[in-house]
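See below for the structure under consideration.
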Amino acid sequence: GDPSAGAEVLAEALALWRGPALADVPRGRLAAAEAARLEELRLAALELRIEADLCRGRAAELVAELGRLTAAHPLRERFWQLLMRVLEGCGRPAEALAAYERAREVLAGELGADPGLDLRQLHHRILTGAPPPAQPAAPAEDGGKPAAVLARSPVPRQLPGAVRHFAGRADELQGLSRFLDQAAATGIAVV
């Protein structure tokens, strides 16, 4: 909910990254799988940090970085989408459309597939000149969540399940049974 705080925390976390994960561990199936998982987490954090910087209005600073990222990870559509949004935010829609064409060519050449729905919708929106969607609301002054986030939060509508059996409470159950027996015999309600 707070792009500034999110960008700072993500930048600090990404600064701790020192190269390929498990580079000093002998490669085996397990190490390779874990290294791939960690690299995916790093790229996801990088995407989130760029998104937060974009929400903070730092589009111009991101163009070069996203150019490098799309070159290094040409099949990662999210980087292409962020590059297009950044270029559009800098008032460069023609370059954003050219980036889409490069992404489409790379995906078609490498995978024989068209870009995904999100990338195609962004391309269409830029082509038609439609305004970008509204940014998420800023956090409330009191540090709470913004109203838009609270409105989307699910509200639990299920009561907890009934307790089936008491375990380890034989003395307490005997006492309750004794009170019930006394109440039944005397006709007085149990307090």
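Predicted, not measured: the structure shown is a model, and the values here were computed from it. Heads up: numbering here begins at 1 and tracks the sequence.
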Identify the residue among L46, L82, L62 that makes a side-chain contact (heavy atoms from CB on, under 4.5 Å) with E51.
-> L82

Value for CG (L83) from CZ (R78), rounded to nearest 0.5 Å, stands at 12.0 Å

Could you pull out all residues at least two apart from P115 that satisfy side-chain contact (heavy atoms from CB on, under 4.5 Å)?
-> E77, Y100, R104, L107, L119, R120

Given side chains that start at C-beta, do those of V63 and C90 come closer than 4.5 Å, heavy atoms only?
-> yes

Here the gap from Q81 atom CD to R85 atom CZ, rounded to the nearest 0.5 Å, amounts to 6.5 Å

Salt bridge D53-R56, side-chain N to carboxylate O under 4.0 Å | yes

Closest non-hydrogen atom pair between L122 and R125, with its separation | CD1-NH2, 3.0 Å

May I have the step-by-step check of salt bridge (Lys or Arg N to Asp or Glu O under 4.0 Å) for R49 and E65, ending in yes or no?
-> CA-CA 12 Å; R49 199 260 314 148; E65 180 181 11; 2.3 Å; yes

Within 6.0 angstrom of L117 CG, more than 12 heavy atoms from elsewhere | yes

Least distance between heavy atoms, V25 atom then A31 atom | CG1-CB, 4.1 Å

For D114, which residues count as a side-chain contact (heavy atoms from CB on, under 4.5 Å) partner, sequence neighbours excluded?
-> none

Closest approach of R27 and A32, non-hydrogen atoms and distance?
-> NH1-CA, 3.7 Å

Are L54 and L14 co-members of a hydrophobic cluster defined by side-chain heavy atoms under 4.5 Å apart?
-> yes

Heavy atoms only: give me the nearest A59-G89 pair and the separation to one decimal.
-> CB-C, 4.5 Å

Gap separating the CG atom of L127 from the NE2 atom of H123, nearest 0.5 angstrom | 4.0 Å

Looking at CE of M84 and CG of D118, how far apart are the two atoms once the value is rounded to the nearest 0.5 Å?
-> 11.0 Å

Given L111 and L75, is the side chain to side chain contact (heavy atoms under 4.5 Å, CB included) satisfied, shown in steps?
-> CA-CA 9 Å; L111 304 175; L75 300 179; 4.2 Å; yes

Heavy-atom side-chain contact between V86 and E61 under 4.5 Å = no

Qualifying residues under side-chain contact (heavy atoms from CB on, under 4.5 Å), relative to A185, sequence neighbours excluded = none

I126 CD1 to E95 CD distance, which is reported to the nearest 0.5 Å | 11.5 Å

Any idea which heavy atoms bring W17 and L38 closest together, and the distance?
-> CH2-O, 3.8 Å

Give every residue pair that meets the side-chain hydrogen bond (donor to acceptor under 3.5 Å, both in side chains) criterion with at least one member in residues 29-44, sequence neighbours excluded.
-> E34-R37, E39-R42, E40-R76

side-chain contact (heavy atoms from CB on, under 4.5 Å) filter on L48, not counting sequence neighbours, yields L10

With rounding to the nearest 0.5 Å, note down the distance linking SG in C55 to CD1 in I50.
-> 12.0 Å

With H124, which residues qualify under ring-ring contact (aromatic ring centres under 6.0 Å, His included), at least two apart?
-> none

Can you name the closest pair of heavy atoms from W80 and P74 and give their distance?
-> NE1-O, 2.8 Å

